[in-house]
Amino acid sequence: MKTIELKIKMPDEYFELLQSMASKEGFDSIDELLVDKITDILKFEKYYRELGKKIF
């Protein structure tokens with residue numbers, strides 16, 4: 001398994017929104033929320049590539 005470490009700069013309002021989303025969706029941290037959302041995107045990308053289409 002590989003590891004990616006990101007440093008993301010964003011406005012305070014976006015950070016607060018991410019904190020709120022993580023809390024509402026039951027994640028312990030913003031990191032967990034982001035990993036979950038990125039995983040969802042990659043699953044869809046893999047599925048569409050298997051169909052011979054690309055979404056991004």
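In this text the structure is predicted, and so the values were computed from the model without any measurement. The figures here come from the full heavy-atom set of this structure, side chains too, leaving out hydrogens, waters and symmetry mates.
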Residues S29 and A22: closest non-hydrogen pair is O-CB, 3.8 Å
Quick one: do I38 and I30 end up in the same hydrophobic cluster if we chain Ile, Leu, Val, Met, Phe, Trp and Tyr together by side-chain heavy atoms under 4.5 Å apart? no
Residue list, salt bridge (charged side-chain N to carboxylate O under 4.0 Å, His left out) with E16, at least two apart or on another chain: none
Check side-chain contact (heavy atoms from CB on, under 4.5 Å) between L6 and all other residues, then give those that pass, not counting sequence neighbours. I4, I8
If I compare all heavy atoms of L33 with all of L18, which pair ends up nearest, and what's the gap? CD2-O, 3.7 Å
Step by step, work out the side chain to side chain contact (heavy atoms under 4.5 Å, CB included) result for V35 and F27. CA-CA 10 Å; V35 168; F27 294 99; over 6 Å; no
Working note: I41 + F44, criterion side chain to side chain contact (heavy atoms under 4.5 Å, CB included); need CA distance, chi angles, decisive distance, verdict. CA-CA 5 Å; I41 292 168; F44 280 112; over 6 Å; no
Tell me which pairs pass salt bridge (Lys or Arg N to Asp or Glu O under 4.0 Å) where either residue lies in residues 26-39, with sequence neighbours left out. E25-K37
Inter- and intrachain pairs under salt bridge (Lys or Arg N to Asp or Glu O under 4.0 Å), touching residues 3-12, at least two apart: none
Quick check: does any side chain N or O of S23 sit under 3.5 Å from a backbone N or O of Q19, one acting as donor and the other as acceptor? no
Remaining members of hydrophobic cluster (4.5 Å side-chain criterion), M1: none
